[in-house]
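The structure appears right after this line, and notes come after that.
From a predicted model like this one, the values you see are computed outputs, not experimental measurements.
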Amino acid sequence: MRRDEIEQLKELHMKLKDVIEAKLKEFDQIWLNADEERLFEELVFCLLTPQSRARSCWAAVERLSSMGKLLCPAQDGIRNELTGVRFSNQKAEYICRARELFTLDGRLSVRAHIDPENTFQTREWLVKNVKGMGYKEASHFLRNIGLGRDLAILDRHILKSLVRFGVIPDIPKSLSRSRYLKIEASMSDFARSISIPMPHLDMVLWYMGAGEVFK
């Protein structure tokens, strides 16, 4: 890895720093102030994102929410609004199952399953119990609700950049739990070595692949 590439990465971080900090503060407010349905929207968004564009997934969440369908038991009604989202049948099922899981005494209750003081343990619970949610999706969800800033969201953009900067030798064909945690630790070490906070590095690397800071 050449020194000039690291310097370019740092320069890009400085360029994006204010935007990134504003976005992270926005996420923080979700955990502090949002109602249960708003938290569920973020969970649904992260269930939709595998192999689909983030913008399309969030647009689908906004449609479902505005139409009152996120809390509707009809799977077909959900699937029909997943325009631009791949594997819509499967993901509609995931949403319905998640809604059932997070409903207690007839009311949506996401916070009851989240320990803000132990996001690593919470992530393990999410991966184990939420169908369709792996380590990437669980990390993404926790980050988007203002938690889990030490967690890595290892999507294709991030992995490609980690290869570019020599953090990992290649993009793995699959990510087992042990492999995910090992790459996450390597990314954390890399972030410290270049003095860029972990959640900032995630967004900078995602920007390099997607061309924007989004969610």
If I compare all heavy atoms of [X] with all of [Y], which pair ends up nearest, and what's the gap?
X	Y	result
Met203	Val213	SD-CG1, 3.9 Å
Ile20	His13	CD1-CD2, 4.5 Å
Lys215	Asn144	CB-ND2, 3.9 Å
Gly77	Glu81	O-CG, 3.5 Å
Leu181	Arg123	CD2-NH2, 3.2 Å
Met187	Ala152	SD-CB, 3.9 Å

Salt bridge (charged side-chain N to carboxylate O under 4.0 Å, His left out) against Arg53, all qualifying residues, sequence neighbours excluded: none
CA sep, side-chain torsions, deciding dist, call: Arg149, Leu24, side chain to side chain contact (heavy atoms under 4.5 Å, CB included): CA-CA 9 Å; Arg149 291 196 174 193; Leu24 291 173; 3.3 Å; yes
With a 4.5 Å cut-off on side-chain heavy-atom distances among I, L, V, M, F, W and Y, is there a chain of contacts connecting [X] to [Y]?
X	Y	value
Val163	Tyr207	yes
Ile194	Val204	yes
Met133	Trp125	yes
Val44	Phe214	yes
Phe87	Leu64	no

Working to the nearest 0.5 Å, report the span between [atom1] of [X] and [atom2] of [Y].
X	Y	atom1	atom2	result
Leu48	Ile95	CG	CD1	4.5 Å
Ile183	Leu159	CD1	CG	5.5 Å
Met198	Ile153	CE	CD1	9.0 Å
Ser109	Leu104	OG	CG	4.5 Å
Ile158	Arg156	CD1	CZ	10.5 Å
Arg164	Met208	CZ	CE	3.5 Å

Exercise: do Trp58 and Glu62 side chains pair donor with acceptor under 3.5 Å: yes
Distance-only side-chain donor-acceptor flag, Arg143 / Ser139, under 3.5 Å: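 Side chains of Arg143 and Ser139: no pair found under 3.5 Å.
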Would the distance check show the side chain of [X] and the main-chain N or O of [Y] forming a donor-acceptor pair, the cut-off being under 3.5 Å?
X	Y	value
Thr122	Ile114	no
Thr119	Pro116	no
Glu36	Val110	yes
Ser56	Val85	no
Lys91	Pro50	yes
Ser188	Glu184	no
Tyr135	Leu154	no

Decide yes or no for [X] and [Y]: does some side-chain heavy atom of the first lie under 4.5 Å from some side-chain heavy atom of the second?
X	Y	value
Cys96	Ile78	yes
Leu147	Phe141	no
Arg63	Thr83	yes
Glu137	Leu126	no
Phe190	Ile6	yes
Leu9	Leu205	yes
Leu47	Val130	yes
Glu42	Phe45	yes

Lys17 atom NZ, neighbour heavy-atom count above 12 within 6.0 Å: no
Crowding at NZ, Lys160 (>12 non-hydrogen neighbours, <6.0 Å): no
Audit row: Glu124, Lys128, salt bridge (charged side-chain N to carboxylate O under 4.0 Å, His left out) steps and yes/no: CA-CA 6 Å; Glu124 293 291 340; Lys128 181 179 179 180; over 6 Å; no
Cationic tip of Arg99 above Phe40 ring, under 6.0 Å, 45° of axis: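 Negative - Arg99 is either too far from the ring of Phe40 or too far off its axis.
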Residues Glu100 and Arg97 bridged, charged N to O under 4.0 Å: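 No, Glu100 and Arg97 are not salt-bridged.
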Ion pair check, Glu21 and Lys25, cut-off under 4.0 Å: no
Side chain to side chain contact (heavy atoms under 4.5 Å, CB included) between Glu7 and Lys10, worked out: CA-CA 5 Å; Glu7 291 306 314; Lys10 290 181 176 181; 4.2 Å; yes
Salt bridge (charged side-chain N to carboxylate O under 4.0 Å, His left out) assessment of Asp76 paired with Arg79: CA-CA 5 Å; Asp76 287 347; Arg79 183 191 63 228; 2.8 Å; yes
